[in-house]
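Quick one: the structure is below, questions incoming.
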Amino acid sequence: MKSYDEILEILKKYNQEHLVKYYDELSDEEKEELLSQIERIDFEYMNELFNANHEFDMKENKISSVPAIEKKKIDLSYYEEIGAEKIRNGELAICSMAGGQGTRLGHSGPKGTLMLDLDKPTSIFETIAIKLKDAQQKYGVLIYWYVMTSEQNDEETQKFFIQNNFFGYDKEHIIFFKQGELPLLDANGKVVLKDKANVFMAPDGNGGIFNALNNRGIIKHMKVNGIQTLAIGNVDNILIPMIDAVPLAIMEEKGIKLLSRSFMKPSPEGKWGVFCKVNGKPRVIEYTETPRELLEARNEEGELIYGDAHYGCNYFGIDLLEKIVTEKLPMHSASKKNTGLMENGELVEMQTFKYEAFIFDGYSMSDDIIVYRGEKDEEFAPIKNKEGEETAESAVALYKAFYKMK
């Protein structure tokens, strides 16, 4: 680790000396931790992010639609047979993005530890383990389960798995790795301190998964174990169908290393990003960025042309993952009020800027994409809020209906 004097020179270069203003007040352990945090910051990159234009300009890009393959219109048994062989050969692994806390749900722990009222009290994590055990019975193979945690919840998440005996699944096939972080900046581009001893860090978005997979050795682990495809999904969707032979067969047939599941938006106003191609490259654009005429455009059958919703279930070939990590993904800026340390030593609420990548930012590294459309009620049961829409209660109702549980 660099010395204090070396760190100070870097801070002076980037006008960030405030980060060590209270250094002399800290314990030896706190001093070492603070210097370690500062050393990991790429200040040149943070300057680039602060000064960049993060807005997506529709007018300067050529937008085209992506036709979907509809699950109800293909011979599922044919594709199931082909894809099943791939699963039996150990070519599929799954990854749950589980770095979030359950604060919005009124839950004090990691979101995946939230208990649900199924036939018995069952955590979100256990619903995934159940699918893995079912697949073990069906295909006769143990599928690797990678769990992406965060700095905030990694220890608690791993402890929860141990306390629950890994939900009866083989613990050697459950591998944890942490998501990356970036510091928050204030309105002047200064890195924000959370307190005198700590930089205010935040997860680098679900698109940060690519660097995390690479930096934490997961891609290498996949290659060593013969894994060809990684299905990545949000932990809070308890119906997410990551373990599915059909997408693997379709990807092989089309020779395309990227497949994303979708469902048709019930209306143009549906608040999901939609699939498209921007200048010939696959992309998802948010509904807030999509012109009204595109949102409402329909084909001859009356279907929305830009109606396939991106709900966060993606299959990446390992070759594509290796390609994505060679490039820096575009970053998105979000402004939010947080409590940070002022230079006078007071903790106050201030406007901060968070920078994150989205998983679909990696799509542009692929020449093409397969959009695989299913039925919303069979694949999408998210748990986002304590009250209103997308609650634990509504997700459990969908789950019970799908699995015909009382």
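Throughout, residue positions are numbered sequentially from 1 according to the sequence presented.
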Does Y355 have its ring centroid less than 6.0 Å away from the ring centroid of H332? no
What are the two closest heavy atoms between R261 and P247, and how far apart are they? NH1-CG, 3.6 Å
Can you tell me if K194 has over 12 outside heavy atoms packed within less than 6.0 Å of its NZ? no
Reference residue D308; test salt bridge (charged side-chain N to carboxylate O under 4.0 Å, His left out); the match among K376, R373, K265: R373
With rounding to the nearest 0.5 Å, note down the distance linking CZ in F380 to CD in E375. 14.5 Å
Measuring only between side-chain heavy atoms, which start at C-beta, is I209 closer than 4.5 Å to M97? yes
Kindly determine whether Q351 and S335 satisfy side-chain hydrogen bond (donor to acceptor under 3.5 Å, both in side chains), including the steps that lead there. CA-CA 7 Å; Q351 203 69 27; S335 177; 2.6 Å; yes
Could you check whether any side-chain heavy atom of I285 comes within less than 4.5 Å of a side-chain heavy atom of F275, counting everything from C-beta outward? no
Once rounded to the nearest 0.5 Å, what's the spacing between atom CD of E91 and atom CG of L230? 13.5 Å
Does atom CD of E389 have more than 12 heavy-atom neighbours, drawn from other residues, nucleotides or ligands, at distances under 6.0 Å? no
Donor on one side chain, acceptor on other, H173 and Y146, under 3.5 Å: no
Taking atom types as modelled and ignoring hydrogens, do the side chains of S260 and N314 form a donor-acceptor contact shorter than 3.5 angstrom? yes
Y23 six-ring face occupied by K31 cation (under 6.0 Å, within 45°): yes
Determine whether Y315 and Y372 satisfy the following criterion, ring-ring contact (aromatic ring centres under 6.0 Å, His included), listing intermediate values before the conclusion. CA-CA 11 Å; Y315 296 74; Y372 180 47; 8.3 Å; no
Is the side chain of D186 donor-acceptor paired with the backbone N or O of N188 at a distance under 3.5 Å, no angle test? yes
Closest heavy-atom contact between E303 and E70? OE2-OE2, 4.3 Å
Quick one: closest heavy-atom pair of I227 and G90, and the distance? CG1-O, 3.6 Å
Tell me the closest heavy-atom pair linking I240 and K131, and the distance in Å. O-CE, 3.7 Å
State the CG-CD1 distance between L142 and I174, to the nearest 0.5 angstrom. 10.0 Å
Check the pair V246 / E80 against side-chain contact (heavy atoms from CB on, under 4.5 Å), numbers first and verdict last. CA-CA 5 Å; V246 174; E80 170 71 37; 4.3 Å; yes
Run the side-chain contact (heavy atoms from CB on, under 4.5 Å) check on K159 and E155 step by step: do they pass? CA-CA 6 Å; K159 184 178 178 181; E155 183 178 351; 5.6 Å; no
Do K384 and D236 pass the side-chain contact (heavy atoms from CB on, under 4.5 Å) test, and can you show the C-alpha distance, the side-chain angles, and the key distance before you say yes or no? CA-CA 7 Å; K384 301 288 187 184; D236 58 13; 2.9 Å; yes
d(L49 CG, K354 NZ) to nearest 0.5 Å is 13.5 Å
Stepwise, does the ring-ring contact (aromatic ring centres under 6.0 Å, His included) test hold for W145 with F161? CA-CA 13 Å; W145 180 15; F161 273 73; 5.4 Å; yes
Identify the two heavy atoms, one from M331 and one from D204, that lie closest to each other, and give their separation to 0.1 Å. CE-O, 4.4 Å
Return the CD1 to OH distance between I41 and Y14, rounded to the nearest 0.5 Å. 12.0 Å
Side chains of D244 and Y79: closer than 4.5 Å at any heavy-atom pair? no
Determine the sole option in K257, K277, K254 for which the salt bridge (charged side-chain N to carboxylate O under 4.0 Å, His left out) test with D368 is passed. K277
Would you please classify the geometry between the Y363 ring and the F316 ring as parallel, tilted or perpendicular, with 30° and 60° separating the classes? tilted
Indicate the atoms forming the closest heavy-atom contact of I250 with I69, along with that distance. CG2-CD1, 3.8 Å
Flag the pair H18 / K190 as yes when at least one side-chain heavy-atom distance between them is below 4.5 Å, and no otherwise. yes
Assign the ring pair F160 / F125 to parallel, tilted or perpendicular, where the plane angle (0 to 90°) is split at 30° and 60°. tilted
For M115, does the CE atom sit with more than 12 other heavy atoms under 6.0 Å from it, leaving out its own atoms? yes
Hydrogens and angles aside, do Q152 and E181 bring a side-chain donor and acceptor to less than 3.5 Å of each other? yes
Whether K328 engages the ring of Y45 as a cation-pi pair (distance to the six-membered ring centre under 6.0 angstrom, angle to the ring normal within 45°) should be assessed. yes
Do Q16 and V191 have side-chain heavy atoms sitting under 4.5 Å apart? yes
Worked check of side-chain hydrogen bond (donor to acceptor under 3.5 Å, both in side chains) between T113 and H107: CA-CA 9 Å; T113 66; H107 176 61; 2.7 Å; yes
Does a side-chain heavy-atom distance below 4.5 Å link K223 with E322? yes
Assess the side chains of Q136 and Y169: does a donor N or O sit below 3.5 Å from an acceptor N or O? no
Count the heavy atoms belonging to other residues, nucleotides or ligands that lie under 6.0 Å from CD of Q163, then report whether that count exceeds 12. yes
Side chains of D377 and F263: does their closest heavy-atom pair fall under 4.5 Å? no
Would you call S36 and R40 a side-chain contact if the rule is heavy atoms closer than 4.5 Å? yes
Say whether Q158 and D154, considering side chains only, have a donor N or O and an acceptor N or O under 3.5 Å apart. yes
Between D195 and N198, is there a side-chain donor-acceptor contact under 3.5 Å, judged purely by atom types and distance? yes
Take K86 and Q228 through the test side-chain contact (heavy atoms from CB on, under 4.5 Å) and record every step on the way to the result. CA-CA 9 Å; K86 292 182 167 296; Q228 297 298 313; over 6 Å; no
Under a plain distance cut-off of 3.5 Å, with no hydrogens placed, do N153 and S150 share a side-chain donor-acceptor pair? yes
